[in-house]
Amino acid sequence: AQGGGGGCGSTGLGGEGAEAVPLFLQHFLQLEQVGGQLSASLLHSHDTETRATMTMALADDIIAAGQDASCHILRFSLQAPEAKGGSGEKGPRKRKGPSPAGQGGTQSQTSEVTVESLHSVRTDFSPDALQKAVRFNADCSLLVTGGADGFLRLWEFPSMKKTLEFKAHDGEIEDIALGPDNKVVTAGRDFQCCVWQRDQLVTGLRWNENLPGVPDKAYRYQACRFGAVEDNAAALRLYTVQVPHKRERRPPPCYLTKWDGKSFLPLLTRPCGSEVVSCLSVSDSGTFLGLGTVTGSVAIHVAFSLQRLYYVKEAHGIVVTDVAFVPESRGGRELLAGNEAALLSVAVDSRCKLHLLPGRRSLPVWLLLLLCAGLIVATILLLQLAFPGFL
């Protein structure tokens, strides 16, 4: 997950009185179970100098980081620490980053992260150029970027050769989602959410077609994500977030919509609170949705019903820039222990917070059947007592 914030520090150049230059870091954290609790420790801080990482996509050991008007491709690796000997320090200078709350240092003593820069390409050409979205496709052979100029750009990966660019929206592209057959869904500030097959428009989404009381330009699309369907590998869902276009004294609700991921027909729409949603994430199994808001709150919803299960008001002091679920791989399940899900959130306050969804207790099937049988027997006995000769 990416943090939209940064710090302001002196570069050490220019002598006394030199104007402070904003410097930004990418943090690498390690999740582990410590004393029966899930804990995060800082492994490494990668200095991005004056470039703030505003968007990010991961593919194994590759990071595609949107920094200003460019996409920077980085490779990271986890290594055992080298023995500390001698006074010389080889390799690039590493600057210490701020310690997270409750942590005493900035580097783990058991592992080290190295970061290598592979490519840098310009991905936006508007006057206020900014890359706003980036995604890899399923087999990581394609990278898609979108930005403030409204153009969608497709890049071969790992060569980063641009294969296609076209105007997808009149205005900024807020979010991108990649589905099967490399269909691309784009959410723009022009009130449109579009499905593309390369540069051909497949369809435009209309979330409010069954809500006649909602005008077309009262809401805009803020986020879009594809998700799996639990216990149905052949199915696919698309989730979108709609937020009010204008701020009002009495804020109207934001909405979550679930779509069929192949026909792109709306299946369910529900309000998700009056706080403006800033980001969306879907768990690996497609069971849960994670939301962050511009006021710093974090929520987890059930994907099937879109009902809210978990909510922390103003978990951060300012805009939540991204949320991401802990992967449901073998290692991820070991980290979850008895919890159903774990969601990480980052915000402009330069903090990363962990949200745990405790496991919901349920009765075994055999016990439910036994209770049902007991209720049937008890009902028959009561009827027999009330009406002798009933049986």
Side-chain angles (χ1 to χ4, degrees), residues 1-10 20-35 37-58 63 65-68 74 76 94-108 113 115 132 222-223 241 273 275-281 283 288-301 308 310-327 332 335-336 339 341-358:
Q2 71 269 3
C8 185
S10 172
V21 177
L23 299 174
F24 299 92
L25 300 169
Q26 285 179 330
H27 292 315
F28 292 79
L29 304 177
Q30 176 173 289
L31 290 175
E32 55 189 342
Q33 285 282 347
V34 178
Q37 293 188 339
L38 194 55
S39 175
S41 56
L42 182 60
L43 290 181
H44 179 69
S45 296
H46 176 63
D47 196 337
T48 61
E49 300 174 349
T50 60
R51 305 182 309 273
T53 300
M54 302 301 292
T55 56
M56 185 185 294
L58 296 178
I63 300 173
Q67 297 171 3
D68 300 330
L74 308 172
F76 68 92
K94 295 180 182 178
R95 189 184 59 170
K96 290 185 178 180
S99 298
Q103 300 293 332
T106 63
Q107 287 279 101
S108 169
V113 174
V115 181
K132 301 200 68 176
Q222 174 64 27
V241 171
E275 294 173 274
V276 177
V277 176
S278 56
C279 51
L280 166 69
S281 181
S283 64
F288 301 111
L289 308 177
L291 297 178
T293 73
V294 298
T295 50
S297 301
V298 176
I300 299 176
H301 291 243
R308 191 166 71 186
Y310 172 97
Y311 173 74
V312 178
K313 184 176 177 62
E314 297 178 3
H316 296 270
I318 199 167
V319 182
V320 178
T321 53
D322 207 1
V323 288
F325 285 96
V326 171
L335 287 174
L336 289 176
N339 298 295
L343 182 72
L344 291 165
S345 62
V346 291
V348 181
D349 60 5
S350 299
R351 293 182 179 274
C352 178
K353 294 196 174 184
L354 179 65
H355 308 268
L356 296 176
L357 184 64

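Here, residue 1 is the first one in the sequence, and each next residue gets the next number.
Counting only heavy atoms from C-beta outward, the side chains of Leu357 and Asn339 never approach each other to under 4.5 Å. Within the 4.5 Å cutoff, side-chain heavy atoms of Ser345 are placed close to those of His316.
Checked against salt bridge (Lys or Arg N to Asp or Glu O under 4.0 Å), Lys353 has no partners two or more places apart in sequence or in another chain. In terms of the side chain to side chain contact (heavy atoms under 4.5 Å, CB included) criterion, residue partners of Thr48 (sequence neighbours excluded) are, by chain and number, Phe24, Gln26, His46, Arg51, Thr53, Gln67. Here Val277 pairs with Val241, Val243, Cys254, Cys272, Leu291 under the side chain to side chain contact (heavy atoms under 4.5 Å, CB included) rule; sequence neighbours left out.
Here the straight-line distance linking atom CG of Leu335 with atom CG of Leu31 works out to 6.0 Å at 0.5 Å rounding. Rounded to the nearest 0.5 angstrom, Asp322 CG and Leu280 CG are separated by 9.5 Å. Between Leu25 atom CG and Glu49 atom CD the span is 11.0 Å, to the nearest 0.5 Å. Of the inter-residue distances, the one linking His355 atom NE2 with Phe325 atom CZ reads 10.5 Å to the nearest 0.5 angstrom. For the atom pair NZ of Lys132 and OG1 of Thr55, the computed distance is 10.0 Å after rounding to the nearest 0.5 Å. For the atom pair CG (Leu38) and CG (Leu356), the distance works out to 6.0 Å, reported to the nearest 0.5 Å.
A side-chain donor-acceptor contact under 3.5 Å links Ser283 to the backbone of Phe288. One N or O on the side chain of Ser278 and one on the backbone of Gly292 form a donor-acceptor pair closer than 3.5 Å. Counting only distance, with no hydrogens or angles, the side chain of Asp349 and the backbone of Gly317 share a donor-acceptor pair below 3.5 Å.
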Run the side-chain contact (heavy atoms from CB on, under 4.5 Å) test on Leu344 and Val323 for me, step by step, so that the C-alpha distance in whole Å, both residues' side-chain angles and the decisive distance to 0.1 Å come before the verdict.
CA-CA 6 Å; Leu344 291 165; Val323 288; over 6 Å; no
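Taking every heavy atom of both residues into account, Ser281 and Ala324 meet most closely at OG-CA, 3.7 Å. Taking every heavy atom of both residues into account, Val320 and Cys279 meet most closely at O-SG, 3.6 Å.
By the 30° and 60° cut-offs, the orientation of the rings of Phe28 relative to Phe76 is tilted.
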